[in-house]
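Worksheet: the structure to be examined is printed underneath.
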2 protein chains.
Amino acid sequence: MALVHAILTVLVEQPCSGYDLRKRFEGSVGFFWKTSFQQIYRELTKLEEQGLLQAEEIQQESRPDKKIYSVTQAGQQYLSKWITQPSEVSPSKDDLLVKLFAGYLVPQETILAELAHHRQQHLQQLAQYEAIAQNFFQHPDRLSTKRRFHYMTLRHGIRYEQEWLNWCDEAMQFLGTQSPADPLGDV
Amino acid sequence: MALVHAILTVLVEQPCSGYDLRKRFEGSVGFFWKTSFQQIYRELTKLEEQGLLQAEEIQQESRPDKKIYSVTQAGQQYLSKWITQPSEVSPSKDDLLVKLFAGYLVPQETILAELAHHRQQHLQQLAQYEAIAQNFFQHPDRLSTKRRFHYMTLRHGIRYEQEWLNWCDEAMQFLGTQSPADPLGDV
DNA sequence: TTAGCATATTCAATAAAGTGAATAGTCGCT
DNA sequence: AGCGACTATTCACTTTATTGAATATGCTAA
């Protein structure tokens with residue numbers, strides 16, 4: 001369960017409201033930990049009850065009131081302790097691969113279209129990551145320690161999307177060149 | 001929710017008991033859809049109630065009795081329909097990247113050790129995948145259609161683990177060569 | 001002026017996932 | 001005779017995740 005940790009991670013940098021947190025989430029930790037705004041609010045409430053966050057209510061005139069959450073000392077300790085504890089590789093769950101495993105049950109074109117569709121999505125995600133790299137990480141060797149860590153997560157994103165792209169190409173090539181009648185198939 | 005689909009995928013190839021299903025799962029679909037045996041049994045029961053599976057009770061003498069589950073026609077249709085429906089890229093959730101994002105909060109050695117630990121895990125997983133490729137997919141060009149699909153999921157596993165290995169190396173290099181005092185850091 | 005969008009949050013219901021424990025029989029080993 | 005390992009399954013509890021809806025205000029553009 002890293003959602004609470006992801007929230008603490010974002011708030012420890014800069015306190016903000018649930019609404020803003022969610023927006024900041026999208027552009028950073030959200031790339032490797034997806035969630036919804038309802039869940040964020042729920043966790044914020046819980047974290048406050050546990051004393052890992054503290055909230056300050058801000059009355060606003062031109063907008064609805066809001067609560068600014070910031071990480072307490074206990075919260076920072078909790079986060080650091082979590083980071084320090086060794087963890088295993090996160091288990092993966094991927095629909096497309098399950099589909100592909102049973103892909104022989106449906107027409108070949110269906111699978112090829114689905115692969116093309118996924119390729120497109122990964123291409124877009126890669127473009128987004130590369131734009132971030134271009135805009136915020138022009139000189140990796142001159143980054144602060146904190147930003148170096150952020151940069152490495154971005155590097156992972158880039159490599160990850162490239163891997164998917166390459167695999168999509170390989171799979172479309174490999175599965176596409178197969179004669180549908182399966183004339184030489186063994187096993 | 002692809003667990004039910006993953007179960008159907010395995011059972012459509014070959015009916016078996018929950019116990020055996022779980023074991024077969026580990027060596028195939030389980031690589032990209034992790035689950036527990038309790039969950040498998042629970043889903044088997046539900047799928048039977050829905051008429052997507054049918055169970056046959058087998059009395060055994062030397063062992064506990066068991067139920068052999070097989071996919072019904074409705075089950076096959078349900079699976080095929082799911083495969084045919086286009087889907088979006090599965091959202092990722094990765095602890096390590098969240099940790100890395102906030103990695104500046106803990107000593108550098110902690111992070112480097114964690115990266116090394118993960119590198120080791122990915123290396124082992126890669127070795128396992130490569131052994132499978134060696135043992136069961138020696139001649140990719142001579143595979144049956146079904147096995148070609150299986151092979152592509154394996155190829156993804158191999159590429160995925162390689163990507164992680166390369167990234168771990170890059171990250172350890174990049175973060176390891178940083179002077180802890182952060183003398184030139186901007187931002 | 002009113003529709004739509006952005007800000008800002010909460011509640012409720014359900015589905016799915018994760019964890020621990022319990023049961024029960026057989027087999028081989030010591 | 002007892003212990004651990006393997007086969008085989010079920011129950012209960014708890015935490016997470018997903019989805020839909022509701023509420024309230026202000027701003028802007030058609």
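Below, all heavy atoms of this structure are taken into account, side chains as well, without hydrogens, waters or symmetry copies. Proteins get letters first, then strands, A, B, ... in listed order; numbering begins at 1 in each.
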Measure [atom1]/[X] against [atom2]/[N] and give the value in whole Å, please.
X	N	atom1	atom2	result
A:L21	C:dT9	CG	P	10 Å
A:Q38	C:dT14	CD	P	16 Å
A:K23	C:dA6	NZ	P	9 Å
B:I40	C:dT19	CD1	C1'	15 Å
A:Y69	C:dT9	OH	C1'	9 Å
A:D95	D:dT18	CG	C1'	14 Å
A:E43	D:dA17	CD	C1'	10 Å
A:R42	C:dT14	CZ	P	15 Å

When the ring centroid of [X] is compared with that of [Y], is the distance short of 6.0 Å?
X	Y	answer
B:F25	B:F37	no
B:Y78	B:H5	yes
A:F137	A:H150	no

Quick one: is [N] close enough that its OP1 or OP2 comes under 4.0 Å of any side-chain N or O from [X]?
X	N	answer
B:K66	C:dT26	no
B:T35	C:dG18	no
A:S17	C:dT9	yes
A:Y41	C:dT9	yes
A:K34	D:dA17	no

On DNA chain D, compare the nucleotides closest to B:Y19 and A:S36; which residue's is nearer the 5' end?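 Closer to the 5' end of DNA chain D: B:Y19.
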Toward the 5' end of DNA chain D, by each residue's nearest nucleotide, B:F37 or A:K46: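 The residue mapped nearer the 5' terminus is B:F37.
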Mark yes or no: A:R148 above the aromatic ring of B:F174, with NZ or CZ under 6.0 Å from the six-membered ring centre and no more than 45 degrees from the axis.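 Yes; both conditions hold, so A:R148 lies above the ring face of B:F174.
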Just wondering, do B:H118 and A:S87 contact through their side chains at under 4.5 Å, heavy atoms?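 Side chain of A:S87 against side chain of B:H118, heavy atoms only: contact under 4.5 Å found.
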